[in-house]
Amino acid sequence: MLNFVLLKKSLTEKQIRILEKQFTFYSRLSRKEQLIFRHRLATFIDNKSFYGRDGLELTDEIIVLISATAVKLTFGFRDYSLSIIKTLLVYPEAFYSKINEQLHKGEVNPMLGILALSWKDFKQGYDIDNDNLNLGIHEFSHAIHLNSFKNNDISSLIFRDGFKALKRYLKDNETKRQQLISTKYFRAYAYTNEYEFMAVLIECFIETPQEFKSKFPKMYKYVKEMLNFNFADY
């Protein structure tokens, strides 16, 4: 159940129009949920610092759509602040990362409180909404995962404990693990490490929920419970 908001923060009319026209998830919410979503979005925007990099000029579209992705993924949380992230850096396209000296489309640096994204690749993630590739969802999923280890609020505990239960379920079910690989529903990158696995699972959960639920109902249930995602027909 979404918590009651006593003093609502407001978006500008322009920001609301961007949300209504370009963010499909918002249109699928009830009127009450939309009001809460807008409050949370305004709060997120107010509480984070945004910077354009490599000549990118920040616009309302960039700030609203990136922030709305974070709000969507944490919409079932009581504490939706994602306190691990303080700063969002937005590049026009893939950028050089000093972490491993490679080009990145996105990355999360919990030590510095930074989430960085390529705007070009972020937009492509929403242009095709059923290919289980969404950079914004992927990177914010990392942030949520890392945030769950840094905090002990109820939402972080539910996410963290749910992921532990999911890992136990897969460890105890060799047949299910083999089925994951053989169906190729989750792209190979998911098996890089547990963080990438979780991020890819959430991408699939958001983009193709019915297929996910049909192929792997038990895993779908785990992800839904971890995110407390009880709205918009999920």
Side-chain angles (χ1 to χ4, degrees), residues 2-3 5 8-52 56-92 105-106 108 114-145 147 155 159 199 202-209 227-234:
L2 294 171
N3 49 313
V5 178
K8 293 185 176 67
K9 289 200 173 187
S10 299
L11 298 170
T12 67
E13 287 299 319
K14 183 177 181 181
Q15 289 173 327
I16 293 172
R17 285 197 302 272
I18 291 168
L19 194 58
E20 290 175 339
K21 293 180 179 179
Q22 297 181 242
F23 205 73
T24 305
F25 176 79
Y26 173 79
S27 67
R28 295 169 58 196
L29 298 174
S30 69
R31 176 62 177 165
K32 178 183 176 182
E33 289 169 341
Q34 287 180 346
L35 291 174
I36 295 171
F37 192 97
R38 280 161 35 185
H39 164 77
R40 289 188 171 197
L41 180 57
T43 301
F44 187 91
I45 291 171
D46 284 351
N47 291 342
K48 308 299 181 186
S49 298
F50 293 80
Y51 297 96
L56 180 70
E57 181 178 348
L58 289 178
T59 62
D60 278 330
E61 179 190 23
I62 292 172
I63 293 172
V64 167
L65 295 182
I66 289 175
S67 300
T69 300
V71 173
K72 173 171 66 175
L73 291 179
T74 59
F75 201 50
F77 293 2
R78 286 183 179 273
D79 182 353
Y80 57 93
S81 61
L82 270 185
S83 59
I84 197 173
I85 301 300
K86 310 293 185 187
T87 303
L88 291 106
L89 305 180
V90 189
Y91 292 80
K105 295 177 181 179
V108 177
I114 291 174
L115 189 149
L117 292 166
S118 154
W119 176 240
K120 174 184 176 182
D121 293 287
F122 176 91
K123 283 285 287 178
Q124 286 179 349
Y126 280 107
D127 289 341
I128 305 172
D129 62 3
N130 61 356
D131 62 352
N132 295 329
L133 288 169
N134 186 301
L135 178 67
I137 291 170
H138 191 93
E139 296 305 325
F140 276 115
S141 295
H142 282 320
I144 289 170
H145 196 171
N147 193 74
S155 297
F159 186 92
I202 295 177
E203 280 179 284
C204 294
F205 176 85
I206 294 294
E207 292 225 325
T208 56
L227 296 175
N228 192 29
F229 226 73
N230 298 309
F231 30 78
D233 300 324
Y234 279 88

* Structure fact -> When every non-hydrogen atom of Pro92 is compared with those of Ser118, the smallest separation belongs to O-OG, 4.1 Å
* Which residues pass the ring pair (Phe, Tyr, Trp, His ring centres under 6.0 Å) test with Phe140, sequence neighbours left out? -> none
* What's the spacing between Leu35 CG and Ser10 OG if we round to 0.5 Å? -> 10.0 Å
* Asked: Listed by chain and number, what are the ring pair (Phe, Tyr, Trp, His ring centres under 6.0 Å) partners of Phe44, not counting sequence neighbours?
  -> none
* To do: Could you tell me which residues satisfy salt bridge (charged side-chain N to carboxylate O under 4.0 Å, His left out) with Asp233, sequence neighbours excluded, listed by chain and number?
  => none
* Asked: Which heavy-atom pair separates Ser67 from Leu41 by the least distance, and what is that distance?
  -> CB-CD1, 3.4 Å
* Side-chain contact, heavy-atom cut-off 4.5 Å: Gln15 with Ile45? -> yes
* Ile84 to Ala143 - nearest heavy-atom pair and separation -> CG2-O, 3.7 Å
* Structure fact -> Result for side-chain contact (heavy atoms from CB on, under 4.5 Å) between Ser141 and one of Ile202, Thr69, Leu227 points to Ile202
* Asked: What distance separates Lys9 NZ from Asp46 CG, expressed to the nearest 0.5 Å?
  -> 4.0 Å
* Asked: Would you say Arg38's side chain and Ile16's backbone share a donor-acceptor pair under 3.5 angstrom?
  -> no
* To do: List for me each residue that meets salt bridge (charged side-chain N to carboxylate O under 4.0 Å, His left out) alongside Glu61, sequence neighbours excluded, and say none if there are none.
  => Lys123
* Is there a side-chain contact between Leu11 and Leu19 (heavy atoms, below 4.5 Å)? -> yes
* Set of side-chain hydrogen bond (donor to acceptor under 3.5 Å, both in side chains) partners for Asp79, sequence neighbours left out -> Ser81
* Hey, mind stepping through Phe231 and Phe229 against ring pair (Phe, Tyr, Trp, His ring centres under 6.0 Å) and telling me if it holds? -> CA-CA 6 Å; Phe231 30 78; Phe229 226 73; 4.6 Å; yes
Can you give the donor-acceptor pairs under 3.5 Å from side chains of residues 131-138 to other protein atoms, not counting sequence neighbours?
residue : atom : partner : partner atom : Å
Asp131  : OD1  : Leu133  : N            : 3.1
Asn132  : OD1  : Thr208  : OG1          : 2.8
Asn132  : ND2  : Thr208  : OG1          : 3.4
Asn134  : OD1  : Gly136  : N            : 3.2
Asn134  : OD1  : Ile137  : N            : 2.9
Asn134  : ND2  : Gly125  : O            : 3.3
Asn134  : ND2  : Glu207  : OE2          : 3.4
His138  : ND1  : Glu203  : OE1          : 2.7
His138  : NE2  : His142  : NE2          : 3.2
His138  : NE2  : Glu196  : OE1          : 2.7

* Closest heavy-atom pair and its distance - Glu20, Tyr26 -> CG-CE2, 3.8 Å
* State, yes or no, whether a side-chain contact exists between Trp119 and Ile62 at a heavy-atom distance under 4.5 Å. => yes
* To do: Return the set of residues passing salt bridge (charged side-chain N to carboxylate O under 4.0 Å, His left out) with Lys48 (not counting sequence neighbours), or none when no residue passes.
  => none
* Structure fact -> Across all chains, not counting sequence neighbours, the salt bridge (charged side-chain N to carboxylate O under 4.0 Å, His left out) partners of Lys21 are none
* Partners of Thr74 by side-chain hydrogen bond (donor to acceptor under 3.5 Å, both in side chains), sequence neighbours excluded? -> none
* Atom CG of Leu89 and atom OH of Tyr51: how far apart are they, to the nearest 0.5 Å? -> 9.0 Å
* Looking only at heavy atoms, which two atoms of Phe77 and Arg40 are closest? And how far apart? -> O-NH2, 2.9 Å
* List for me each residue that meets side-chain contact (heavy atoms from CB on, under 4.5 Å) alongside Glu57, sequence neighbours excluded, and say none if there are none. => none
* Asked: Counting N and O atoms only, with roles assigned by atom type, does the side chain of Ser27 sit under 3.5 Å from a partner on the main chain of Phe23, one being a donor and the other an acceptor?
  -> no
* Could you tell me whether the side chain of Lys72 reaches within less than 4.5 Å of the side chain of Ile206, counting heavy atoms only? => yes
* Asked: How long is the gap from CG on Leu58 to CZ on Phe50, to the nearest 0.5 Å?
  -> 8.5 Å
* Rounded distance [0.5 Å steps], OG1 in Thr43 versus OH in Tyr80 -> 4.0 Å
* Structure fact -> By side-chain contact (heavy atoms from CB on, under 4.5 Å), Ala232 pairs with (sequence neighbours left out) Phe25, Arg28, Leu29, Tyr234
* Donor-acceptor pair, side chain of Asn147 and main chain of Leu82, under 3.5 angstrom -> no
* Apply side-chain hydrogen bond (donor to acceptor under 3.5 Å, both in side chains) to Ser49 and list each qualifying residue two or more places apart in sequence or on a separate chain. => none
